[in-house]
Amino acid sequence: MGINILGMGSYLPEKIMTNDDFAGFLDTNDEWIRTRTGINSRNMAGWEPVWLMGKNAALKAIEKAGISPEEIGLVIVSTVTSDFVTPSIASILQYELGIKNAAAFDLNAACSGFVYSVDTARRFLETDDNIKYALVVSAEAISRICDFTDRSTCILFGDGAAAVVLEKSDKMYSSFLNSDGSGARKLFAKNCQPAEIVKQNSDFDDGFADMPVHKLYQDGKEVYKFAVKALPTAFRAAAEKIGITSNEIDWFVPHQANVRIIETAAKNLGAPMDKFIVTLDHHGNTSSASIPLALNEAIENGTITRGQKLALVGFGAGLSYGSVILEY
Ligand code: COA
């Protein structure tokens, strides 16, 4: 069983931060950021609630889908920057959107979160006849966990949200989800843990004790090496299941981390760059929101049209990776 994307919507916070803005307080410059990452600007949420960004995107997706919120039976929100430890943003949206009877939960698969959530939703749709429509929302304010003194990391990220309404369909579909936890220390932000107490008790010393709390840390070079392999691996694993090749894909919609990652992965796949949707120049890396933001933009500007075959490919902290191949 496949899925149909019935409607989509997105939301970007108003404030835009350019590379020159970073140069105002960091030892960096527009040329370095553009040539090493492909990023020119990104949106910044400030303290705008992540659930509200998600709600704004979801309202548009539901309107485009032309359904009533009461017909939605499942809400999944992917985020690594929830406003709350608990409850889930999905529960908040379920109420805020007027969805009456739906399972609702958040899913954290970092930047692979949209791909994970879409595939999870498809599995619910396949196995539960009571669920007619599923709402998947990816909402992120990564700027909130950025260390704005770390010039090699903070310049990469932006904030935003996007949502899809999905229904069951006979359309072509394949997916692949995976994770390599041996790379957990290569990209992480930790919750509160008093370092001195963790270190006193060697049984609990997880090796993260001295790292700053609630700040994103990465080994950029290692993550880069992982990403350029993960992208083709995730695509091929899903493609092989249904006997499709990269030549038959109309559009790749990859996680928007760094244009050099996308270019290298395209080469590894033997696919031309002009088949890759790239929006990171003006979105930056918005974690799990990056794939649906790129997808929605390409749909809205007419680049992606109905009937085309799409490959959505994500990778991120975990280290998680995965892909979904579907027909729009
Ligand atoms: N402005 C200017 N100089 C900078 C800089 C910045 N914003 N950030 C780093 N530099 C400097 C470094 O300090 C280093 O200086 P040195 O040679 O004097 O030591 C130099 O630029 C080269 O740094 P390097 O780390 O080799 O650059 P890079 O080409 O590997 O690019 C990343 C760094 C972070 C852009 C790149 O590794 C990357 O994109 N990694 C993947 C990160 C990612 O996508 N994370 C999220 C995944 S979901």
Side-chain angles (χ1 to χ4, degrees), residues 17-42 78-81 107-117 138 140-160 177-189 215-234 253-266 268 276 278-281 283-294 312-323:
M17 193 156 174
T18 64
N19 295 343
D20 284 336
D21 291 332
F22 280 97
F25 62 92
L26 276 177
D27 182 12
T28 189
N29 56 74
D30 175 57
E31 209 248 333
W32 192 97
I33 301 173
R34 262 190 303 107
T35 53
R36 300 284 179 128
T37 70
I39 299 166
N40 301 326
S41 64
R42 67 293 280 151
S78 75
T79 187
V80 293
T81 48
L107 186 156
N108 178 348
C111 302
S112 313
F114 182 71
V115 164
Y116 264 70
S117 299
S138 294
E140 304 277 13
I142 300 295
S143 65
R144 219 164 278 169
I145 56 167
C146 279
D147 174 354
F148 282 93
T149 64
D150 176 1
R151 65 177 180 171
S152 65
T153 303
C154 68
I155 48 102
L156 298 172
F157 293 95
D159 305 332
L177 305 178
N178 210 345
S179 160
D180 175 9
S182 71
R185 283 167 177 72
K186 290 175 184 163
L187 180 57
F188 66 88
K215 291 285 175 240
L216 196 62
Y217 168 85
Q218 68 170 357
D219 181 335
K221 278 199 187 343
E222 286 299 311
V223 174
Y224 191 99
K225 281 193 237 163
F226 156 74
V228 295
K229 278 198 204 134
L231 215 156
T233 302
V253 189
H255 173 46
Q256 308 284 313
N258 183 326
V259 77
R260 286 159 56 216
I261 291 175
I262 300 175
E263 285 165 354
T264 309
N268 288 346
F276 283 73
V278 177
T279 60
L280 58 84
D281 56 317
H283 289 160
N285 179 346
T286 56
S287 191
S288 74
S290 92
I291 291 176
L293 276 172
L312 319 180
V313 196
F315 55 85
L319 296 166
S320 63
Y321 55 115
S323 66

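The residues of the chain are indexed from 1 along the displayed sequence. In each ligand, atom 1 is the first atom listed, and ligand 1 is the first ligand listed. What you see is a predicted model, and the numbers here were worked out from it, not measured in a lab.
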Of the protein's non-hydrogen atoms, which lies at the shortest distance from [atom], and what is that distance?
atom                    : value
atom 45 (N) of ligand 1 : Gln218 OE1, 2.8 Å
atom 24 (P) of ligand 1 : Lys221 NZ, 3.3 Å
atom 34 (C) of ligand 1 : Ser152 O, 3.4 Å
atom 22 (C) of ligand 1 : Arg36 NH1, 3.6 Å
atom 11 (C) of ligand 1 : Arg151 NH2, 3.5 Å
atom 44 (O) of ligand 1 : Ala257 CB, 3.5 Å
atom 1 (N) of ligand 1  : Thr28 OG1, 2.6 Å
atom 39 (O) of ligand 1 : Asn258 ND2, 2.8 Å

Element-labelled atoms of ligand 1 that are located less than 4.0 Å from some non-hydrogen atom of [X]:
X      : result
Gly220 : 37 (O), 40 (N), 41 (C)
His255 : 48 (S)
Val223 : 43 (C), 45 (N), 47 (C)

List for me each residue that meets salt bridge (Lys or Arg N to Asp or Glu O under 4.0 Å) alongside Arg36, sequence neighbours excluded, and say none if there are none.
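Salt bridge (Lys or Arg N to Asp or Glu O under 4.0 Å) list for Arg36, sorted by chain: empty.
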Of all residues at least two apart in sequence or in a different chain, which pass the salt bridge (Lys or Arg N to Asp or Glu O under 4.0 Å) check with Glu222?
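Partners of Glu222 by the salt bridge (Lys or Arg N to Asp or Glu O under 4.0 Å) criterion, ordered by chain and then number, come out as Lys186, Lys225.
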Does a donor on one side chain and an acceptor on the other come within less than 3.5 Å for [X] and [Y]?
X      : Y      : value
Arg42  : Asn19  : yes
Asp147 : Thr149 : yes
Ser320 : Ser179 : no
Glu140 : Thr286 : no
Ser152 : Asp150 : yes
Ser143 : Asp159 : yes

For ligand 1, does Cys111 get within less than 4.0 Å through its side chain, its backbone, both, or neither, judged by non-hydrogen atoms?
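Looking at Cys111 and ligand 1, just side chain atoms fall under 4.0 Å.
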Please tell me if the side chains of Ser288 and Cys111 come closer than 4.5 Å, counting only heavy atoms from C-beta onward.
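Not in contact.
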Counting only non-hydrogen atoms of the protein, does one fall under 4.0 Å from [atom]?
atom                    : result
atom 32 (C) of ligand 1 : no
atom 14 (C) of ligand 1 : no
atom 19 (O) of ligand 1 : no

Please compare Leu280, Asn285, Leu216, Val228 and report which has the shortest non-hydrogen distance to atom 46 (C) of ligand 1.
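It is Asn285 that holds the nearest heavy atom.
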Closest to atom 36 (C) of ligand 1 by heavy-atom distance, out of Phe22, Trp32, Tyr224, is Tyr224
Among Leu156, Ile145, Thr81, whose side chain to side chain contact (heavy atoms under 4.5 Å, CB included) with Leu216 holds?
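The residue from Leu156, Ile145, Thr81 that satisfies side chain to side chain contact (heavy atoms under 4.5 Å, CB included) with Leu216 turns out to be Ile145.
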Is the shortest side-chain N to carboxylate O distance from Asp27 to Arg151 below 4.0 Å?
yes
Assess Ala227 for proximity to ligand 1: is some non-hydrogen atom of it under 4.0 Å away?
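Judged by the 4.0 Å heavy-atom criterion, Ala227 does not count as contacting ligand 1.
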